[in-house]
Amino acid sequence: MGYSTGVILVAVAAVLWSLLGLAIRQIEEAGTWAILFWRSAAMVPALLAFVAWRKRKPILPALRATGWAGLMGGFGLVLAFSGAIFAIQSTTVANAVFLFAASPFLAAALSWAVLRESVRPATWLAIAIAMAGLVVMVREGLALGALAGNLAALASALGFALFTLALRWGRLGDMMPAVAIGGMLSMVVALGTLGLTGEPLLVPARDIAIAMAMGAGLLAVGMALYTMGSQVVPAAELTLITMIESMLAPVWVWLVLGEQASAGTLWGGAIILAAVALNAVSGMRRKPAIPPMA
């Protein structure tokens, strides 16, 4: 696969993920945990099929090979997935996706604190800039009564950061089996929470269909494309390309549903995305580009 093909695959993955907010907005009755269950129920088989096709080996050994790191990363994804769904249902899509963009900085800070990995000065500067954007957005959420949604979005970003930390700790080069484990754990946690709260699992068929389409289509296909593209695209450039998700997600809900972002959301989101871009560009300058794989 060539470099340009990898860039296209990652860009298509980001476009698919950008549609998740719009898809969740189409769900009428299902709550966070029912959506999480049905979405994961469709995502897991699709991911396992991709893992089996790519590795040409039985699935169970690939899952076992992740060890404790895969289990820890899976629980991080439970927080990431459930927090994202609740956030999009509770605040604007723009608020949610811009706050999700804080995940790389949370991962960098956790890696420095837990794994003692060094963090570049440019990354610390980007973290400081991103924090300013977070303050702008969370303060506005408090004023507009959307604080719970904003906090859920930050919890989702933390979950993705924990997933990244687990991958680094376990030195897992392949994230797909760990994502599948996260989907399985999401189903278990969702069922348990639904049982405790008394919320229904059997929601309207339309809601189930949308949730499953998200899992098997937008999420699983996006993950497969991203995984293949990331083999030939440097990490810093991956960060820049996946910003497509944060930029397009508010556009879809504005075009289809007329949902507009407030000035505070746009300013805070712009600050966060600028910080992400600064960190990615500085990373590209630090290391030479990875040559395309044969």
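In this structure, Ile85 and Trp33 have side chains that are not in contact, with every pair of non-hydrogen atoms separated by 4.5 Å or more. Between Met184 and Leu48, the closest side-chain pair of non-hydrogen atoms falls below 4.5 Å. You'll find the side chain of Thr193 stays beyond 4.5 Å of the side chain of Glu199, heavy atoms only. Side-chain contact between Arg64 and Leu60 is present, with heavy atoms from C-beta onward closer than 4.5 Å. Annotation: side chain of Arg206 is not in contact with side chain of Glu29 (no heavy-atom distance under 4.5 Å). Looking only at side-chain heavy atoms (C-beta outward), Met175 and Thr227 come within less than 4.5 Å of each other. Counting only heavy atoms from C-beta outward, the side chains of Arg54 and Met176 approach each other to under 4.5 Å.
Listed by first and then second residue, the side-chain hydrogen bond (donor to acceptor under 3.5 Å, both in side chains) pairs that reach into residues 6-19 are Ser18-Trp252, sequence neighbours excluded.
Leu196 and Leu185 sit in two unconnected hydrophobic clusters of ILVMFWY residues. Membership requires side-chain heavy atoms under 4.5 Å apart, directly or through other members. Linking ILVMFWY side-chain heavy atoms closer than 4.5 Å, directly or via other members, places Leu255 and Val97 in a single hydrophobic cluster. Two different hydrophobic clusters hold Phe86 and Ile24 under the rule that ILVMFWY side chains link at heavy-atom gaps under 4.5 Å. Val188 and Met212 fall into different hydrophobic clusters, where Ile, Leu, Val, Met, Phe, Trp and Tyr residues are linked whenever their side-chain heavy atoms come under 4.5 Å apart, directly or through other members.
To the nearest 0.5 Å, atoms CG (Leu19) and CE (Met214) are separated by 11.0 Å. We find the CZ-CZ distance between Phe81 and Phe160 to be 5.5 Å, quoted to the nearest 0.5 Å. Summarising the geometry, atom OG belonging to Ser186 is positioned 10.0 Å from atom CG belonging to Leu79; distances are rounded to the nearest 0.5 Å. Distance CG/Leu257 to CG/Leu22: 5.5 Å, rounded to 0.5 Å. The CG atom of Leu63 sits 11.5 Å away from atom CG of Leu71, with the distance rounded to the nearest 0.5 Å. Going from atom CE of Met247 over to atom CG of Leu273 covers 7.0 Å, rounded to the nearest 0.5 Å.
A donor-acceptor contact shorter than 3.5 Å is absent between the side chain of Asp207 and the backbone of Ile27. Formation of a donor-acceptor pair under 3.5 Å by the Ser111 side chain with backbone atoms of Ala108 is not found in this model. Under a 3.5 Å cut-off, the side chain of Thr66 and the backbone N or O of Ala62 do not form any donor-acceptor pair. Proximity of a side-chain donor or acceptor of Glu259 to a complementary backbone N or O of Val93 within less than 3.5 Å is detected. Ser156 contributes no side-chain N or O that, together with a main-chain N or O of Ala152, makes up a donor-acceptor pair within less than 3.5 Å.
Here the shortest heavy-atom pairing between Ser103 and Ala157 reads OG-O, 3.2 Å. The nearest pair of heavy atoms linking Ala275 to Ala130 is CB-N, 3.7 Å. Annotation for Ile210 and Ala23: closest pair CG2-O, 3.5 Å, computed over non-hydrogen atoms. The nearest pair of heavy atoms linking Leu201 to Trp38 is O-NE1, 2.9 Å. Residues Ala101 and Ser246 come closest through the heavy atom pair CB-OG, 4.2 Å. Among all heavy-atom pairs drawn from Ala52 and Ile59, the shortest one is CB-CG1, 3.7 Å.
Only one option out of Val15, Leu9, Val10 pairs with Leu225 in a side-chain contact (heavy atoms from CB on, under 4.5 Å); it is Leu9.
For Met131, the CE atom sits in a loose shell: 12 or fewer heavy atoms of surrounding residues, nucleotides or ligands are nearer than 6.0 Å. Atom CH2 of Trp124 is surrounded by more than 12 heavy atoms from other residues, nucleotides or ligands within 6.0 Å.
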Checking side chain to side chain contact (heavy atoms under 4.5 Å, CB included) for the pair Asn150/Leu154: CA distance, chi angles, key distance, verdict?
-> CA-CA 6 Å; Asn150 286 350; Leu154 286 175; 5.8 Å; no
Pair Thr5-Val232, side chain to side chain contact (heavy atoms under 4.5 Å, CB included): steps then yes or no = CA-CA 9 Å; Thr5 302; Val232 295; over 6 Å; no
Let me see the working for Tyr226 and Thr242 under side chain to side chain contact (heavy atoms under 4.5 Å, CB included), right down to the final yes or no.
-> CA-CA 9 Å; Tyr226 179 86; Thr242 53; 3.7 Å; yes
